[in-house]
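Notes for the one structure printed next.
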Amino acid sequence: MLDAPRAPGVRHRVTLGKLRDLVREWDRHNDDEAFPAARMKSLHEAGYLSAFADLRDAAQVDDLFQVLRLIGGADLSLGRVFEGHVNAIQLIHAYGSRQQKVALAAELFQGCRFGVWNTDLAGGTWLEPIDRGWILRGSKRFATGAGHIERVLISAALADGAKQLVLVDVAGQPERADNRGWRVRGMRGSQSGLFDFDGMEIAVGALLGAPGDYEREPRFSAGAWRFAAVQLGAVESLLRHWRVHLLASGKAQDPVQRARFGQSVAATRSAASWVSRAARAAEATEPEAVPLVLMTRGVVEDAAFGVMEGAARAVGTAAFFEGSRIDRITRDLSLYLRQPVPDQARDRAAAAWLEADCWGEDAWW
Ligand SMILES: Cc1cc2nc3c(=O)[nH]c(=O)nc-3n(C[C@H](O)[C@H](O)[C@H](O)COP(=O)(O)OP(=O)(O)OC[C@H]3O[C@@H](n4cnc5c(N)ncnc54)[C@H](O)[C@@H]3O)c2cc1C
């Protein structure tokens with residue numbers, strides 16, 4: 001596969017120091033629940049928006065893991081927007097034409113924000129052929145960044161029902177976005193409302209890859225390690241706030257409080273180990289990648305449930321007041337954990353483990 005030419009200034013290794021500085025700064029101003037435009041701009045200026053279109057080695061996979069985790073720990077809505085951006089640019093890098101990759105490099109250089117919108121409003125989204133190309137029909141829901149981001153990859157059905165990826169320029173079309181219904185307990189800043197594509201003309205060159213590419217495995221299921229990493233960052237952040245409370249309040253002397261905290265430390269550290277293993281397996285397309293990632297989703301979810309409940313029990317009612325970081329992270333995380341078909345993910349993982357140990361290092365038989 002041809003490599004996309006690099007626009008000047010596009011970097012492929014990042015340092016985490018700059019991001020840690022940004023996170024410290026964001027921590028001081030964390031009561032805003034609007035779309036995180038300024039934070040995305042900071043990530044662009046520091047090179048993080050363009051750094052992960054292609055992951056060349058295990059070190060770069062680990063960089064992305066750390067970046068997703070740090071951003072998730074700071075601001076889950078920003079984490080969702082950033083994760084969607086990375087998903088989109090990796091899909092363009094994997095399936096795009098040379099021309100699409102050249103355009104991607106130039107647009108990343110300018111700071112364009114990308115997303116992937118797959119979830120349909122009832123009725124679906126589809127392509128109708130016309131002389132000059134295509135007309136899009138239908139709308140997307142859960143469209144993270146609707147009205148804020150510039151480019152989206154959407155899935156749209158062809159006449160035979162196959163799903164085709166289409167790269168759409170949605171910049172400057174705020175009238176098609178509708179976030180009025182995005183009245184949710186958490187993740188408000190992700191602005192994941194509706195976007196109406198009906199009647200939009202699409203040039204032939206906007207179709208990306210072949211029909212079916214979006215759901216091609218192992219990328220489709222294994223790519224979920226990225227949102228697990230974002231969620232993990234929030235779980236770790238909650239655990240840190242919980243610890244600070246125990247120390248500051250003197251409750252750390254209480255063995256019941258300590259036991260509950262210790263249990264969640266173990267669950268969170270274990271989840272981190274699963275996400276790290278899943279990330280490497282996914283990006284190296286190891287045979288166990290899909291079951292590993294599916295199992296990891298459940299491990300992170302369980303750690304999150306334990307930490308959210310434990311922090312609330314330790315802190316008490318103060319954790320439910322506006323302005324409490326524990327309240328905000330819990331509201332955001334409760335919703336962000338609702339990713340597609342969680343029961344099915346756990347079931348597929350368990351079924352794979354019944355066949356063989358999918359951890360991949362020390363099979364138990
Ligand atoms: C903040 C946020 C941002 C998002 N951004 C985007 C985005 O940018 N692009 C995008 O495409 N999507 C996005 N989504 C959508 C997301 O990827 C999921 O599709 C969505 O969260 C799943 O919604 P759900 O829980 O209602 O449905 P489901 O995944 O259907 O799950 C609901 C429950 O039903 C169960 N279930 C589902 N089907 C079956 C079945 N057949 N049999 C038995 N049980 C079943 C599930 O296991 C689960 O328990 C976003 C979601 C959120 C919360």
Side-chain angles (χ1 to χ4, degrees), residues 33-36 40 68 71-72 75-91 113-125 136 138-157 163-168 170 176-179 181-197 208 213-215 219-231 233-234 293-295 297-298 300-302 304-305 328-351:
E33 298 196 43
F35 182 79
M40 283 296 279
L68 291 164
I71 295 176
D75 178 344
L76 268 178
S77 282
L78 178 68
R80 168 79 278 272
V81 176
F82 179 76
E83 194 279 320
H85 171 90
V86 171
N87 187 15
I89 67 175
Q90 290 191 347
L91 285 166
R113 295 156 301 182
F114 289 70
V116 181
W117 297 343
N118 175 51
T119 315
D120 289 314
L121 197 58
T125 310
L136 269 173
S139 298
K140 292 291 181 185
R141 65 190 179 115
F142 286 120
T144 288
H148 298 274
I149 64 177
E150 287 80 24
R151 304 280 183 277
V152 287
L153 267 182
I154 65 164
S155 54
K163 271 193 178 181
Q164 172 66 53
L165 279 171
V166 187
L167 181 54
V168 189
V170 289
R176 287 185 176 271
D178 182 357
N179 286 312
W182 189 243
R183 296 168 64 82
V184 273
R185 189 164 57 159
M187 300 300 284
R188 295 175 192 158
S190 72
Q191 292 289 286
S192 305
L194 306 175
F195 196 93
D196 179 7
F197 288 95
L208 190 113
D213 275 350
Y214 176 61
E215 292 179 342
R219 176 181 292 274
F220 181 62
S221 296
W225 79 263
R226 290 186 309 270
F227 72 65
V230 176
Q231 293 167 346
V293 172
L294 294 172
M295 188 70 95
R297 286 179 54 176
V300 173
E301 193 184 28
D302 289 342
F305 289 152
R328 169 73 185 276
I329 297 169
T330 303
R331 284 191 289 111
D332 287 345
L333 186 56
S334 307
L335 180 55
Y336 193 37
L337 285 173
R338 302 295 108 232
Q339 291 303 307
V341 287
D343 298 341
Q344 193 206 67
R346 284 177 188 262
D347 184 45
R348 283 169 69 198

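Remember, it's 1-based here, ligands and their atoms both numbered in the order they're listed.
- Under the rule for a side-chain contact (heavy atoms from CB on, under 4.5 Å), the partners of Asp332 that lie at least two apart in sequence or sit in another chain are Leu76, Met187, Arg328.
- Side-chain contact between Leu91 and Phe114 is absent, with no heavy-atom pair separated by less than 4.5 Å.
- Listed by chain and residue number, Arg338, Arg346 satisfy the salt bridge (Lys or Arg N to Asp or Glu O under 4.0 Å) test with Glu301 (two or more places apart in sequence, or in another chain).
- In this structure, CG on Leu153 lies 8.0 Å from CG on Asn87, to the nearest 0.5 angstrom.
- Sorted by chain and number, the heavy-atom contacts of ligand 1 below 4.0 Å come from Arg80, Val116, Trp117, Asn118, Thr119, Phe142, Thr144, Trp182, Met187, Ser190, Ser192, Leu335, Arg338, Gln339, Pro340, Val341, Pro342, Asp343.
- A salt bridge (charged side-chain N to carboxylate O under 4.0 Å, His left out) check over residues 183-192, counting only residues at least two apart or in different chains, returns the pairs Glu33-Arg188.
- Between the CD1 atom of Ile154 and the NZ atom of Lys163 there is a distance of 11.0 Å, given to the nearest 0.5 Å.
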